[in-house]
Enquirer: 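Take a look at the following structure, please.
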Amino acid sequence: MGAVYVWLAAIGGLVVGAVVTWLVGRALDEARHPVDTLATDVRQAVVEPEVKRVMALLKGAGVIVGPHDEVLHSTVAARSQSLTRGTRIADQEVLDLVRSSREDGAQITSDLDLDRGPGRTVQHLTVRVGPLDDHGNVVLLTDDRAPLLRAEQTRRDFVANISHELKTPIGAVAILSEAIEGAADDPDSVRHFAGRLIVEVGRLSELVKQIINLSRLQSDEPLLTPEQVDVDRVLRLAVDRNRELAGSREVNLVLRTEPDLVVLGDADQLTDAVSNLVHNAIVYSDRRARVAVSSRLVRDVDQDEVEIVVADNGIGISDDDQKRIFERFYRVDYARSRDNGGTGLGLSLVKHIAQVHGGAVDVWSKVGQGSTFTLSLPVPEPTPDAEDEIGIEKEQA
């Protein structure tokens with residue numbers, strides 16, 4: 001009998017020990033932080049390949065967050081934005097939005113400015129989160145607001161610059177009008193002030209025209225009706241516009257063009273661009289200087305280009321000024337520009353015209369030696385119809 005009691009006691013001890021062990025283990029499992037269970041959860045959670053492909057097509061960044069705040073999948077953009085750190089969401093503000101969306105079962109959109117620490121740029125993100133399913137998985141999407149903020153800042157600066165630039169000619173017009181009224185009995189003074197008034201009105205008109213042109217170039221459709229443009233004609237018109245100015249400053253204006261060069265775009269815009277380059281070359285040259293305007297075809301494996309070159313042997317541009325000359329309203333020599341009716345928008349217009357035509361504008365310059373501006377424009381690919389027309393013309397010739 002004693003042996004039986006000993007055996008039963010041993011069995012009972014094993015059962016009690018097993019029960020205690022199970023209870024302690026369960027308590028520990030319930031007390032474990034979700035981070036401690038990530039390895040098991042991540043292995044069990046599977047993101048469907050179709051979802052990954054859709055996420056890869058997103059313009060912004062995308063992350064799928066599991067029920068325990070673990071990152072189940074993230075796009076390259078999300079990792080480049082440092083939204084994730086390993087298998088976790090990097091920023092507490094973003095994580096709070098994820099948790100709120102999961103708890104409320106609702107979509108949330110918020111603009112966040114995330115400070116990544118000293119020496120790093122603040123990220124301006126629009127964050128959208130929403131439930132993916134009924135299992136606690138959440139989709140996190142972000143868009144970078146930095147380009148929009150820069151565009152808005154540029155717009156504000158542009159408006160401020162316009163207001164400042166318009167004050168001078170408008171103020172001059174008002175003062176000269178009062179002077180003419182006060183000198184009604186003095187014909188000579190009236191003629192003098194009227195002449196000054198005409199100059200200021202012309203400057204104001206040119207400034208408004210260039211502002212409108214620049215606004216049009218920055219619109220969604222800067223080239224409404226692109227067509228084949230004869231480069232030789234563009235250069236001749238641009239030079240003719242500036243012959244009177246060149247004559248008044250005794251500047252020798254030389255034109256050399258390569259025949260039969262054609263680009264695709266807007267003839268008026270291209271004429272304005274070249275005319276601005278020629279005007280600047282004359283204005284920033286001393287008397288009896290030389291300004292050369294030329295064109296040539298540059299062959300390239302990828303894309304042939306037409307280069308329009310405006311070169312002068314004038315005062316030149318310093319290295320510091322070369323970094324800013326294509327900015328709106330920037331002038332290398334403010335007094336010289338104002339005396340010759342400059343608005344500070346000419347080179348900015350040239351840059352934008354080049355860009356909307358798929359080209360670029362570059363400058364080489366040395367102080368005291370002169371400047372060379374090069375406007376590069378792509379040569380359009382010939383269409384079958386165009387090739388047929390060329391063949392017919394050759395046969396007729």
Enquirer: Just jot down the salt bridge (Lys or Arg N to Asp or Glu O under 4.0 Å) partners of Arg79, sequence neighbours excluded, or say none.
Expert: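 Per chain and number, Arg79 pairs via salt bridge (Lys or Arg N to Asp or Glu O under 4.0 Å) with no residue.
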
Enquirer: Measure the CD1-CG distance between Ile325 and Leu347 for me, rounded to the nearest 0.5 Å.
Expert: 5.5 Å

Enquirer: Check the pair Gln123, Arg145 against side-chain contact (heavy atoms from CB on, under 4.5 Å), reporting the backbone distance first and the verdict last.
Expert: CA-CA 8 Å; Gln123 284 188 309; Arg145 290 186 294 120; over 6 Å; no

Enquirer: Looking at every non-hydrogen atom in both residues, tell me the closest pair between Asp144 and Leu125 and how far apart they are.
Expert: CA-CD2, 3.9 Å

Enquirer: Are the side chains of Val63 and Leu141 in touch, meaning some heavy atoms are under 4.5 Å apart?
Expert: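 With C-beta onward as the side chain, the pair stays apart.
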
Enquirer: Looking only at side chains, do Asp113 and His124 share a donor and an acceptor under 3.5 Å apart?
Expert: yes

Enquirer: Do the non-hydrogen side-chain atoms of Leu140 and Ile64 ever get within less than 4.5 Å of each other?
Expert: no

Enquirer: For residues Ile108 and Ser100, report the shortest heavy-atom separation together with the two atoms involved.
Expert: CD1-CB, 3.7 Å

Enquirer: Looking only at atom types and distance, does a side-chain atom of Gln322 sit under 3.5 Å from a main-chain N or O of Asp320, one as donor and one as acceptor?
Expert: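 No; zero donor-acceptor contacts below 3.5 Å.
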
Enquirer: Please check if Leu245 and Val278 belong to a single hydrophobic cluster, counting links between Ile, Leu, Val, Met, Phe, Trp and Tyr side chain heavy atoms closer than 4.5 Å.
Expert: yes

Enquirer: Measuring from Leu253:CG to Glu244:CD, what's the distance to the nearest 0.5 Å?
Expert: 13.0 Å

Enquirer: Would you say the side-chain atoms of Ser101 pair up with the backbone N or O of Val98, donor to acceptor, closer than 3.5 Å?
Expert: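 Absent.
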
Enquirer: Which residues pass the side chain to side chain donor-acceptor pair (under 3.5 Å) test with Arg191, not counting sequence neighbours?
Expert: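 Arg191 satisfies side chain to side chain donor-acceptor pair (under 3.5 Å) with Asp188 only.
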
Enquirer: I'd like to know whether Ser376 forms a side-chain contact (heavy atoms from CB on, under 4.5 Å) with Thr374, so could you lay out the CA-CA distance, the side-chain angles of the two residues, the decisive distance to 0.1 Å, and finally the verdict.
Expert: CA-CA 6 Å; Ser376 303; Thr374 303; 3.9 Å; yes

Enquirer: Identify every side-chain donor-acceptor pair in residues 177-185 under 3.5 Å, counting partners at least two apart or on other chains, and give the distances.
Expert:
from, atom 1, to, atom 2, distance (Å)
Ser177, OG, Val173, O, 2.7

Enquirer: For Asp266 and Val229: C-alpha separation, side-chain torsions, deciding distance, then whether side-chain contact (heavy atoms from CB on, under 4.5 Å) applies.
Expert: CA-CA 7 Å; Asp266 186 296; Val229 178; over 6 Å; no

Enquirer: Treating Ile, Leu, Val, Met, Phe, Trp and Tyr as nodes and any side-chain heavy-atom pair under 4.5 angstrom as an edge, say whether Val379 and Leu261 lie in one connected cluster.
Expert: yes

Enquirer: Check Gln228 against Leu264 and note the closest heavy-atom contact, atom names and distance.
Expert: N-CD1, 3.8 Å

Enquirer: How many angstroms lie between atom CG of Leu83 and atom CG of Leu114, to the nearest 0.5 angstrom?
Expert: 7.5 Å

Enquirer: Answer yes or no: is there a side-chain heavy-atom contact under 4.5 Å between Val127 and Thr109?
Expert: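 With C-beta onward as the side chain, the pair stays apart.
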
Enquirer: Between CG of Leu197 and CD1 of Ile175, what distance do you get to the nearest 0.5 Å?
Expert: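 Spacing of CG (Leu197) from CD1 (Ile175) equals 11.5 Å.
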
Enquirer: Is any side-chain heavy atom of Leu297 closer than 4.5 Å to one of Glu258?
Expert: yes

Enquirer: Group every Ile, Leu, Val, Met, Phe, Trp and Tyr by side-chain heavy-atom contacts under 4.5 Å, then state whether Val363 and Val367 land in the same group.
Expert: no

Enquirer: Among Asn276, Val234, Ile353, find the one that has a side chain to side chain contact (heavy atoms under 4.5 Å, CB included) with Thr271.
Expert: Val234

Enquirer: With side-chain hydrogen bond (donor to acceptor under 3.5 Å, both in side chains) as the rule and sequence neighbours excluded, what pairs involving residues 359-370 come up?
Expert: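 Output for this query lists Ser365-Ser371.
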
Enquirer: Nearest 0.5 angstrom please: Asp286 CG to Glu250 CD, how far?
Expert: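 Reported value, rounded in 0.5 Å steps: 11.5 Å.
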
Enquirer: In terms of hydrophobic clustering (I, L, V, M, F, W, Y; side-chain heavy atoms under 4.5 Å; direct or indirect links), are Leu95 and Val138 co-clustered?
Expert: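 Same hydrophobic cluster.
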
Enquirer: I'd like to know if the side chain of Ser294 and the backbone of Thr257 have a donor-acceptor N/O pair within less than 3.5 Å.
Expert: no

Enquirer: Is any side-chain heavy atom of Val291 closer than 4.5 Å to a side-chain heavy atom of Val254?
Expert: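 They are not in contact (no side-chain heavy atoms under 4.5 Å apart), so the answer is no.
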
Enquirer: Would you say the side chain of Ile315 lies within less than 4.5 Å of the side chain of Ser285, judging by non-hydrogen atoms?
Expert: no

Enquirer: Is any side-chain heavy atom of Pro187 closer than 4.5 Å to a side-chain heavy atom of Val190?
Expert: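 No, too far: nothing below the 4.5 Å cut-off.
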
Enquirer: Quick one: does Val251's side chain get under 4.5 Å of Arg288's, heavy atoms only?
Expert: no

Enquirer: Check this for me: does any side-chain nitrogen of one of Arg290 and Asp312 sit under 4.0 Å from a carboxylate oxygen of the other?
Expert: no

Enquirer: Assess, by modelled atom type and distance only, whether the side chains of Ser295 and Glu307 contain a donor and an acceptor separated by less than 3.5 Å.
Expert: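 There is no such pair (donor and acceptor under 3.5 Å, judged by atom type) between the side chains of Ser295 and Glu307.
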
Enquirer: Are any of the side-chain nitrogens in Asp230 or Arg236 under 4.0 Å away from the carboxylate oxygens of its partner?
Expert: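 Arg236 and Asp230: not salt-bridged.
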
Enquirer: Considering all heavy atoms of both residues, which atom of Ser110 and which atom of Leu97 are nearest to each other, and what is their separation?
Expert: CB-CD1, 4.0 Å

Enquirer: For the residue pair Ser318 / Asp321, report whether a side-chain donor-acceptor contact shorter than 3.5 Å exists.
Expert: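 Yes, Ser318 and Asp321 have a side-chain donor paired with an acceptor closer than 3.5 Å.
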
Enquirer: Group every Ile, Leu, Val, Met, Phe, Trp and Tyr by side-chain heavy-atom contacts under 4.5 Å, then state whether Val309 and Leu237 land in the same group.
Expert: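 Looking at the clustering, Leu237 is in a separate group from Val309.
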
Enquirer: Could you note down all residue pairs passing salt bridge (Lys or Arg N to Asp or Glu O under 4.0 Å) where residues 122-136 supplies at least one of them, sequence neighbours left out?
Expert: Arg128-Asp143

Enquirer: Minimum heavy-atom separation for Ile282 to Arg249, with atom names?
Expert: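 Scanning both residues, the minimum pair turns out to be O-NE, 3.4 Å.
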
Enquirer: For side-chain contact (heavy atoms from CB on, under 4.5 Å), just list the numbers for Ile89 and Asp69, CA-CA rounded to whole Å, side-chain angles, deciding distance to a tenth of an Å, and then say yes or no.
Expert: CA-CA 7 Å; Ile89 297 296; Asp69 298 335; 6.0 Å; no

Enquirer: Roughly how far, to the nearest 0.5 Å, is CD1 of Ile317 from CG of Asn280?
Expert: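 Interatomic distance, Asn280 CG to Ile317 CD1, rounded to 0.5 Å: 8.0 Å.
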
Enquirer: Which atom pair, heavy atoms only, marks the closest approach of Val310 to Ala281?
Expert: CG1-CB, 4.0 Å

Enquirer: How would you list, by chain and number, every residue that makes a side chain to side chain donor-acceptor pair (under 3.5 Å) with Asp111, sequence neighbours excluded?
Expert: Thr126

Enquirer: More than 12 foreign heavy atoms under 6.0 Å from CZ of Arg241: is that the case here?
Expert: yes

